[in-house]
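Notes to accompany the following structure.
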Amino acid sequence: MPNLNFSPRDVARELARRYSTMTHDELDILEGILVPMRYAKGDMILAEGEVCKNIYWIVKGLVRQFYFKNGKELTEYMATENTICMCIESLFKEEPTHLQIMAIEPTIVYMLPKADLEAVAMKSVNIQILYRKILEESLILSQKHADMLRFESAQDRYQKLVKHNPQLVLRAPLVYIASYLQMTPETLSRVRNAVIM
C-alpha cells in the first residue's frame with residue numbers, strides 16, 4: 001500500500017463521523033474494504049466506456065467529472081477533499097459510463113468498492129446507514145446543481161459556488177468552472193468582475 005499520510009483507519013473514522021456512528025468492530029470492517037489510490041494531475045480515475053465499480057472518497061486533491069457532447073467537454077461535477085465522487089448510474093446498472101472522472105491536481109482517493117460495501121452492509125446496520133447516506137448526499141448534490149442551472153442567473157450561480165465551495169473557485173481552471181456553471185468563459189469573466197467590483 002502506498003504511503004499516503006492518511007491511514008485507512010483515519011478515513012474510516014472520517015466516514016463514520018460524517019455519515020454514521022460505528023463501533024470499533026464496524027470501523028475495522030470498513031477499514032478493511034478501503035482501497036487507497038494515487039493519481040497524478042491529468043490522470044483518468046474513470047474513463048468513458050468503463051463500468052464504475054467504486055465510490056471514491058477524496059482525501060487530497062481535486063477531481064472533475066465530465067462528458068463529451070457535440071465534440072465539447074462539459075463539466076458535470078467537481079470535488080475537493082472530504083468529498084464523495086462516483087458515476088451513480090453506471091455504479092448501479094453496472095453498465096459502461098459516458099461520464100469520466102479526471103484528477104485536476106495530484107490526488108489521493110480511497111475507493112469503496114460497491115461489491116465489498118454491499119457485502120459488509122448486509123452484516124451491519126451502521127454500515128448500511130453509511131451507504132444510504134452517501135447515496136442520499138450524491139443525489140441531493142445532483143438535484144441542487146440541476147436546480148441552480150435551471151432557476152438561477154449566471155451571477156447567482158457563481159456567487160453560490162463561491163459561498164459553498166470557495167476551494168473550487170480558487171483551485172479549478174476557469175474553463176472548468178465556466179462549464180460547470182453552464183456559461184462561457186467570457187460570461188464567467190464578466191460575472192467575476194461584477195462580483196469583485
Side-chain angles (χ1 to χ4, degrees), residues 1-2 4 8 11-12 15 18-19 30 32-122 127-150 161 165 168 171-173 175-183:
M1 176 167 45
L4 301 176
V11 174
L15 289 168
R18 185 160 177 168
Y19 297 109
L30 185 61
I33 67 169
L34 289 165
V35 180
M37 296 294 292
R38 185 186 297 270
Y39 298 95
K41 179 180 178 178
D43 282 356
M44 295 304 295
I45 297 169
L46 184 71
E48 184 175 13
E50 293 180 348
V51 175
C52 183
K53 297 180 180 179
N54 303 290
I55 295 169
Y56 303 95
W57 176 256
I58 301 155
V59 293
K60 185 176 187 313
L62 174 63
V63 304
R64 168 176 88 108
Q65 192 175 61
F66 68 100
Y67 60 96
F68 287 95
K69 184 175 181 181
N70 300 326
K72 289 177 66 176
E73 280 187 19
L74 299 173
T75 300
E76 175 86 10
Y77 177 67
M78 289 186 289
T80 57
E81 290 83 6
N82 297 321
T83 309
I84 288 289
C85 188
M86 72 187 95
C87 296
I88 198 163
E89 183 178 13
S90 176
L91 188 77
F92 283 102
K93 289 186 172 180
E94 297 181 1
E95 294 176 352
T97 183
H98 293 291
L99 296 173
Q100 302 182 66
I101 303 174
M102 182 185 82
I104 300 175
E105 298 175 349
T107 297
I108 299 165
V109 302
Y110 274 85
M111 299 187 304
L112 283 159
K114 177 180 174 260
D116 294 344
L117 184 56
E118 288 181 345
V120 297
M122 296 295 287
I127 293 176
Q128 281 179 27
I129 291 168
L130 172 132
Y131 189 25
R132 190 191 79 226
K133 287 189 174 179
I134 286 171
L135 298 176
E136 285 175 0
E137 179 180 86
S138 178
L139 293 169
I140 289 167
L141 286 171
S142 292
Q143 183 69 52
K144 282 183 172 180
H145 185 245
D147 287 349
M148 177 182 71
L149 297 176
R150 283 187 198 107
L161 184 64
N165 209 331
L168 281 183
R171 292 160 58 185
V175 66
Y176 297 158
I177 294 170
S179 178
Y180 176 67
L181 297 174
Q182 286 192 2
M183 59 181 81

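For clarity, every value in this text was computed on a predicted model and none was experimentally measured. In what follows, every heavy atom counts, from backbone to side chain, and hydrogens, waters and symmetry copies are set aside.
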Problem - Separation of Met102 CE from Leu46 CG (nearest 0.5 Å) - result: 13.0 Å
Practice task
Determine, stepwise, if the pair Tyr39 / Val63 fulfils side chain to side chain contact (heavy atoms under 4.5 Å, CB included).
Solution key: CA-CA 10 Å; Tyr39 298 95; Val63 304; over 6 Å; no
Problem - Non-hydrogen atoms of Thr107 and Gly61 that approach each other most closely - result: OG1-CA, 3.7 Å
Practice task
Decide if the gap between the ring center of Phe68 and the ring center of His98 is smaller than 6.0 angstrom.
Solution key: no
Problem - Glu136: side chain to side chain donor-acceptor pair (under 3.5 Å) partners, not counting sequence neighbours - result: Arg132
Exercise for the section: Indicate yes or no for a side-chain donor-acceptor contact from Thr80 to the backbone of Leu62 under 3.5 Å, with no hydrogens or angles considered. Expected result: no
Problem - Passing option when Trp57 is tested against Ile108, Val109, Ile134, Asn82 for side chain to side chain contact (heavy atoms under 4.5 Å, CB included) - result: Asn82
Problem - Distance, nearest 0.5 Å, that separates CD1 of Ile58 from CE of Met78 - result: 11.5 Å
Problem - Reported CG-to-OH distance for the pair Leu30 and Tyr19, which is rounded to 0.5 angstrom - result: 11.5 Å
Practice task
Measure the shortest side-chain to side-chain distance between Ser90 and Leu99 over non-hydrogen atoms and say whether it is less than 4.5 angstrom.
Solution key: no
Problem - Donor-acceptor under 3.5 Å (Ser142 side chain, Ile140 main chain) - result: no
Exercise for the section: Report the distance from atom CG of Leu112 to atom CG of Leu130, rounding to the nearest 0.5 Å. Expected result: 7.0 Å
Practice task
To the nearest 0.5 angstrom, please state how far the OH atom of Tyr176 sits from the CZ atom of Arg64.
Solution key: 4.0 Å
Exercise for the section: Test Val35 against Asp116 for side chain to side chain contact (heavy atoms under 4.5 Å, CB included), laying out the working first. Expected result: CA-CA 11 Å; Val35 180; Asp116 294 344; 5.8 Å; no
Problem - Selection residues 40-56 - residue pairs positive for side chain to side chain donor-acceptor pair (under 3.5 Å), sequence neighbours left out - result: none
Fill in the blank from the handout: Contacts of Asp147 meeting side chain to side chain donor-acceptor pair (under 3.5 Å) (sequence neighbours excluded), chain-then-number -> Gln143, Arg150
Practice task
Could you pull out the closest heavy-atom pair between Ala103 and Ile45, with the gap in Å?
Solution key: N-CD1, 4.2 Å
Handout entry: Student check: side-chain heavy atoms of Val120 and Ile33 closer than 4.5 Å
Key = yes
Exercise for the section: Mark yes or no for whether Gln128, through its side chain, and Ala121, through its backbone, hold a donor-acceptor pair below 3.5 Å. Expected result: yes
Exercise for the section: Verify, without hydrogens or angle tests, whether Thr75 (side chain) and Tyr77 (backbone) share a donor-acceptor contact under 3.5 angstrom. Expected result: no
Handout entry: Side-chain heavy atoms of Glu73 within contact of Ser179, under 4.5 Å
Key = no
Problem - Partners passing salt bridge (Lys or Arg N to Asp or Glu O under 4.0 Å) against Glu81 (at least two apart in sequence or in another chain) - result: Arg171
Exercise for the section: Using the test salt bridge (Lys or Arg N to Asp or Glu O under 4.0 Å), find all partners of Lys144 that sit at least two apart in sequence or belong to another chain. Expected result: none
Problem - Any donor-acceptor N or O pair under 3.5 Å, side chains Gln100, Tyr67 - result: no
Problem - Glu76 side chain near Tyr180 side chain, heavy-atom distance below 4.5 Å - result: no
Problem - Reported CE-to-CD1 distance for the pair Met44 and Ile101, which is rounded to 0.5 angstrom - result: 8.5 Å
Exercise for the section: Could you walk me through whether Leu168 and Ile177 pass side chain to side chain contact (heavy atoms under 4.5 Å, CB included), step by step? Expected result: CA-CA 8 Å; Leu168 281 183; Ile177 294 170; 5.7 Å; no
Exercise for the section: Carefully, step by step, assess Lys114 and Glu94 under the rule side chain to side chain contact (heavy atoms under 4.5 Å, CB included). Expected result: CA-CA 10 Å; Lys114 177 180 174 260; Glu94 297 181 1; 3.4 Å; yes
Completion exercise
Here the pair of heavy atoms bringing Gly49 nearest to Pro96 is O-CB, 3.2 Å
Problem - Counterpart residues, side chain to side chain donor-acceptor pair (under 3.5 Å), relative to Arg18 (two or more places apart) - result: Glu137
Handout entry: Test item: Thr97 and Leu91 side chains (from C-beta on) under 4.5 Å apart, heavy atoms
Key = no
